[in-house]
2 protein chains.
Amino acid sequence: MTTTTGMRIGEIAERSGVTPRTIRYYEELGLLPRAERAQGKHRTYTEVDIERLRELTRLRDLLGLSLDELRSMIVAEEVRADVRQRFHETDSREERLDLLDRAQPHIETQLGLVRRRLAELQELEGELLERRKLLQRRRRELNGP
Amino acid sequence: MTTTTGMRIGEIAERSGVTPRTIRYYEELGLLPRAERAQGKHRTYTEVDIERLRELTRLRDLLGLSLDELRSMIVAEEVRADVRQRFHETDSREERLDLLDRAQPHIETQLGLVRRRLAELQELEGELLERRKLLQRRRRELNGP
DNA sequence: TGATAATCTGACGTTGACGTAAAGATGAGC
DNA sequence: GCTCATCTTTACGTCAACGTCAGATTATCA
């Protein structure tokens, strides 16, 4: 084992930039899988969970998605640990292909959203640059003769 | 006069994709200048106000800014109608330069935010592309011999 | 082993960004 | 001038996304 000591909620909260309350809330909403409770009642996490949390907050903030929209994108399903496990545990080529097939559309959906946002932001950037140019031109007109 | 008939709140609301309530709320918060009340009690708007509203909602949605943050960026001040008017009405070169000088930083601030967002989104896009590649590779591995 | 810190599960509180309903005022068209 | 749609202010309602507090439980460590 490396760092797989199993972190508790406070640690992964801090390391992923949210509060414990947020983590419990996301779990309740189904955005995070129900955390394992190692030998006690306390939730236990790994590095993978930190990655997942960061990804959630990124999609939330960068794409402006509500938690409901996040869930209905089945972001939850996609990376979900047990899916990966099933993938590794099964010997069936068919089941593996099926799992891959189901992951693909989610990525495409996200890519679509990201690119629309990118386009909109680039348009905004363009207009801001225009304005800046205009300002500078006016300034030159006032300063020059 | 061209289209300067003076629109009422319902019209500019629809044309800018918000509700009348939102417009009054933004006015109350100082995000929009207090609308003129032509000869009566009803608020009166022009095309400029539509542009302004669209810009506000864009900054709000694309940059994820709260209304408070929007206001404190003095987005309100910058495009504000009376500023433009002062610019055109004054004969003083100094005052004009001053107005230009004060407009510039706001644009720079916004450009900064837009570009940070762009960078973050591009990073996200990159990671999604990575994942897609990985999926496709695995699929080939399963299909090919 | 006992004290101290962190976590647990409810459950109620808060905040931002509007929605909505009431009751009266305004205005465009006939 | 009358009517009906639109607008006015005022005020309470709502919803998402957590914050916060209480009281009990669990882990860590001197």
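Quick note on labels: first sequence line is chain A, next is B, and so on, each numbered from 1.
Between B:Arg71 and C:dA17 there is no side-chain polar atom (N or O) within less than 4.0 angstrom of OP1 or OP2. For A:Arg43 and C:dT9, the shortest distance from a side-chain N or O to OP1 or OP2 is below 4.0 Å.
Annotation: cation-pi geometry satisfied between A:Arg96 and A:Phe87 (NZ/CZ under 6.0 angstrom from ring centroid, within 45° of ring axis).
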Could you pull out the protein-nucleic contacts involving nucleotides 21-25 of chain C (nitrogen or oxygen on both sides, under 3.5 Å)?
none

Check nucleotides 13-20 of chain D for protein N or O atoms closer than 3.5 Å to its own N or O atoms and list the pairs.
from   : atom 1 : to      : atom 2 : distance (Å)
D:dA17 : OP1    : A:Leu67 : N      : 3.1
D:dC18 : OP2    : A:Tyr26 : OH     : 2.6
D:dC18 : OP2    : A:Arg60 : NH1    : 3.2
D:dG19 : OP2    : A:Thr19 : OG1    : 2.7
D:dG19 : N7     : A:Arg21 : NE     : 3.1
D:dG19 : O6     : A:Arg21 : NH2    : 3.1

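Atom CZ in A:Arg24 sits roughly 8 Å away from atom P in C:dT7 (whole-Å rounding). We find that CG of B:Leu56 is positioned 18 Å from P of C:dG16, with the value rounded to whole Å. Atoms CD1 (B:Ile23) and C1' (C:dT20) sit 17 Å apart, rounded to a whole Å. In this structure, A:Glu28 places its CD atom 12 Å from P of C:dA11, rounding to the nearest Å. With rounding to whole Å, B:Leu70 atom CG is found 9 Å from C:dA17 atom P. Look at CZ on A:Arg34: it is 16 Å from P on C:dC8, rounded to the nearest Å. Here D:dA27 presents its P atom at 11 Å from CZ of A:Arg37, a figure rounded to the nearest Å. In this structure, B:Glu36 places its CD atom 17 Å from P of D:dC7, rounding to the nearest Å.
In this structure, CZ on B:Arg117 lies 11.5 Å from CG on A:Leu124, to the nearest 0.5 angstrom. Between B:Arg8 atom CZ and B:Arg43 atom CZ the span is 12.5 Å, to the nearest 0.5 Å. Distance check: B:Leu113 CG to B:Leu59 CG gives 9.0 Å after rounding to the nearest 0.5 Å.
Not counting sequence neighbours, the partners of B:Arg116 by the side-chain contact (heavy atoms from CB on, under 4.5 Å) test are B:Glu120. Scored by the side-chain contact (heavy atoms from CB on, under 4.5 Å) test, B:Glu127 finds A:Arg58, B:Glu123 as partners (sequence neighbours excluded). Checked against side-chain contact (heavy atoms from CB on, under 4.5 Å), B:Arg137 has the following partners two or more places apart in sequence or in another chain: B:Leu134, B:Arg140, B:Glu141.
In summary, B:Glu69 and B:Arg60 do not engage in a salt bridge, as defined by a charged side-chain N under 4.0 Å from a carboxylate O.
Axis deviation across the helix from C:dT1-D:dA30 to C:dC30-D:dG1 amounts to 20°, comparing end segments of five pairs, rounded to 10 degrees.
Here the closest non-hydrogen pair linking B:Arg37 and B:Lys41 is NH1-O, 2.7 Å.
Side chains of B:Glu95 and B:Thr90: a donor on one and an acceptor on the other come within 3.5 Å.
For B:Ala38 and A:Arg8, each mapped to the nucleotide of DNA chain C holding its nearest heavy atom, the one lying further toward the 5' end belongs to A:Arg8.
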Evaluation steps, salt bridge (charged side-chain N to carboxylate O under 4.0 Å, His left out), between B:Glu28 and B:Arg71: CA-CA 12 Å; B:Glu28 185 186 336; B:Arg71 191 181 35 192; over 6 Å; no
